[in-house]
Amino acid sequence: FVRPMSATRSRTKEAAAAAAAHADAPEIARETPPGTPASESDINGGVQMEDVLSQYLRQQVDKIRKDLTDQIDFRLHNLVDDFTAILNSQEERPKALRPVPTAGPVRQGKVFVPRESRLTEMFQLPEFQTIYNIFIVVLIILSLQTLYLDISEKPLIEALNFELMTRSFGQVGVTATIWTCMFLQTLLVFPLFTFWANRRLGVTLLSVFSYIAYMLTIFCWPCAAALHYALPPASAFIVGCEQLRLMMKIHSFVRENVPAVTYKLRLKHTTSIDMKALGLDFGTYVYFLFAPTLIYRSQYPRTPKIRWNVVVENFTHVVASLFYTYYIFERYCVPEFLHTGVDSSTKEPDYFKLKSLLSATFLSMVPGTVVMLLAFFAILHSWLNAFAEMMRFADRQFYKDWWNCKSFATYYRTWNVVVHDWLYTYIYQDARSLGGIFKSKNTSMLTVFFVSAILHEYVIILGMRFFYPVLLVMFGGFGVVFIYFTRNQTSWLYNVFMWLMLFFGTGLLMCLYSHEWFARKNMYICPEDGCAIFMWPPASFSRPWKWD
């Protein structure tokens, strides 16, 4: 398979070289009719024109040859890598990816194969490296602009303390303690599961309720701790995201191993259960907790070694993205919403202005979209690739080329492949296996959207400390409608529509959440007050509105 493609590549290069040689060859002189006088200036002008045309054609052919060769090399490289990865995964497939002989029928799930992230491949092309360089330049300009404005308005020491960032990531000790306790409780799942399997308890009503109670404890107490200690937004977001990540990993571990254990228990000749034969090992479980995936397997494809320069580079991207986001909020968000609900000169309570809100929505579209892209690059690319490199985790398809999507259904599947795989495996497939109304694909899909929207809203509530269901309505409402509106569409106009809705949606989210945050702050609503979280109506509607 590889040799014919290599031959095709060489033939393409030879054809391009022949075209270039043809462009360099002198044109066949055209005969002039006999008796036609030809002046010396006409002859010189004709020769110069031929030289100019020959040089122009040679430049164009060289350019086409270079572009064609780059594109063919890039496409063939990806195709050969994917095909080789599939062949390797079939020939040297780990035990975890093969059907377990003693565990009965194995449910179909995600197959892990060695592959790089999409942006890692794209950055190998000079054109995309230039886009990366442009973002670096914009970051430098934003840094210099913010530093200059802060120094001109504040003393030098205050200008360099990054107050907004340090305040958002405050109470590091409390956050680390909560995470450590959550991780220890997650580790406790393995000995409890081993005890359940060795005692041959089976899937009983008591075991199901015990599992639900255990999941509720790991859900409730971190949330209560974050509210009790009034963690600032970024720290609370970290607690919420890590809490959900660990809970999803616990469910994957239990869901993948319970069928194998129960099948083993049903065998009459079975007197004991060999946990390692079923792929159950404490070291593997700990590896899974740090691996950048939410689907449990006893083995994953691994890279030969750790490239520490790649780890440092990706963590540098994360830090740079944090500062990038800080500068955007400091320059474009805080000044716009700082005086929400109060008069900027007298600091007295004032009307909410609808005209200002609409203007702020449009002004927030570009900064909001940039923040969304930074979050994608920092978390789904840089952070996950850094951990994948440290864990030698070879399957790095954490996302696909969602930016080329023409339908929202494809966008939801490719934006975050890690979470999508979990939702598809343990919500969509398990819901359809229940039968009844969940047998319908639409019902199971709506169930996935409902669960995903609730989880997103929970993280927002924990971080912002108020219930303002903008994301819930947009994600669980308009997001579902757009799936049916853009289904099976292939025109490039639908990609424009998708990006238009992303710009509008991120701008609206940034505007409304910032408006509510500063409205509560200017109304002196205490963030430690738990009842204030579910205050209704929200602070944005607690005062009269007027147009201007």
Side-chain angles (χ1 to χ4, degrees), residues 119 131-150 153 159 162-169 232-234 237 317-341 344 352-383 402-403 411 415-416 456 459-460 463-464 466 468 470-471 473-475 478-479 496-522 540:
L119 286 182
I131 297 176
Y132 172 80
N133 296 338
I134 291 174
F135 270 86
I136 294 178
V137 172
V138 174
L139 175 60
I140 295 174
I141 293 175
L142 277 175
S143 304
L144 294 176
Q145 179 194 29
T146 305
L147 182 62
Y148 166 73
L149 293 176
D150 286 347
E153 298 172 359
F162 300 102
E163 180 184 0
L164 180 62
M165 181 177 292
T166 55
R167 190 169 63 244
S168 298
F169 286 91
F237 278 129
H317 290 162
V318 174
V319 175
S321 299
L322 285 177
F323 277 96
Y324 219 134
T325 305
Y326 161 75
Y327 291 131
I328 290 176
F329 273 92
E330 184 74 20
R331 289 294 104 202
Y332 300 104
C333 179
V334 175
E336 184 69 31
F337 300 98
L338 183 61
H339 302 292
T340 300
S344 57
F352 291 127
K353 300 176 178 60
L354 184 59
K355 182 179 179 180
S356 300
L357 183 65
L358 293 177
S359 300
T361 301
F362 285 100
L363 291 175
S364 301
M365 288 183 181
V366 173
T369 305
V370 173
V371 170
M372 180 198 73
L373 295 176
L374 287 172
F376 159 76
F377 181 72
I379 300 174
L380 295 178
H381 178 76
S382 301
W383 184 267
W402 57 268
W403 46 86
Y411 165 73
W415 159 265
N416 188 344
H456 280 80
V459 175
I460 294 294
M464 305 295 287
F466 58 74
Y468 196 39
V470 179
L471 182 63
V473 173
M474 293 182 62
F475 187 66
F478 294 102
V496 175
F497 174 77
M498 185 201 76
W499 275 105
L500 180 63
M501 292 299 101
L502 288 180
F503 269 79
F504 184 79
T506 52
L508 195 61
L509 287 173
M510 186 174 185
C511 177
L512 293 181
Y513 279 116
S514 299
H515 189 275
E516 177 68 14
W517 173 273
F518 284 101
R520 285 173 170 258
K521 182 178 179 181
N522 293 329
S540 298

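Position 1 is the first residue of the sequence, and the numbers go up from there. Remember, it's a predicted structure, so these values are computed and weren't measured experimentally.
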#### Entry: Trp517 and Pro233, any side-chain heavy atoms less than 4.5 Å apart
yes
### Query
Would you say Ser382's side chain and Phe377's backbone share a donor-acceptor pair under 3.5 angstrom?
yes
### Task
Starting at CG of Leu500, measure out to CE of Met365 and round the result to the nearest 0.5 Å.
8.0 Å
#### Entry: Validation row: Phe337, Cys511 side chains within 4.5 angstrom (heavy atoms)
yes
### Message
What's the separation between atom OG1 in Thr166 and atom OH in Tyr326, rounded to the nearest 0.5 Å?
### Response
8.0 Å
### Query
How would you list, by chain and number, every residue that makes a ring-ring contact (aromatic ring centres under 6.0 Å, His included) with Tyr332, sequence neighbours excluded?
none
### Query
What distance do His317 atom NE2 and His381 atom NE2 have between them, rounded to the nearest 0.5 Å?
7.0 Å
### Query
Can any side-chain N or O of Tyr513 pair as donor or acceptor with the backbone N or O of Tyr468 at less than 3.5 Å?
yes
### Query
If you draw a 6.0 Å radius around CZ in Phe504, do more than 12 non-hydrogen atoms from other residues or ligands fall strictly inside?
no
### Of Trp383, Trp402, Tyr411, the residue whose pairing with Phe376 passes ring pair (Phe, Tyr, Trp, His ring centres under 6.0 Å)
Trp402
### Query
Passes side chain to side chain contact (heavy atoms under 4.5 Å, CB included), Leu374 versus Ile328? Steps please.
CA-CA 11 Å; Leu374 287 172; Ile328 290 176; 4.0 Å; yes
### Task
Could you pull out all residues at least two apart from Thr506 that satisfy side-chain hydrogen bond (donor to acceptor under 3.5 Å, both in side chains)?
Thr369
### Query
Which distance, rounded to the nearest 0.5 Å, do you find between the CZ of Phe362 and the CG of Leu357?
10.5 Å
#### Entry: 4.5 Å side-chain heavy-atom contact, Glu336 and Ser514
no
#### Entry: Between CE on residue Met510 and CG on residue Leu363, distance to nearest 0.5 Å
10.5 Å
### Message
Tell me every residue that passes ring-ring contact (aromatic ring centres under 6.0 Å, His included) with Trp403, counting only those two or more places apart in sequence or in another chain.
### Response
none
### Task
Write down the atom of Gly505, the atom of Met474, and the distance for their closest heavy-atom approach.
CA-CE, 3.3 Å
### Summary
For Trp499 and Leu373, the nearest pair of non-hydrogen atoms, with its separation, is CH2-CD2, 4.2 Å
### Task
Could you pull out the closest heavy-atom pair between Phe237 and Val459, with the gap in Å?
CE2-O, 3.3 Å
### Query
Heavy-atom distance under 4.5 Å between the side chains of Phe503 and Met372, does that happen here?
no
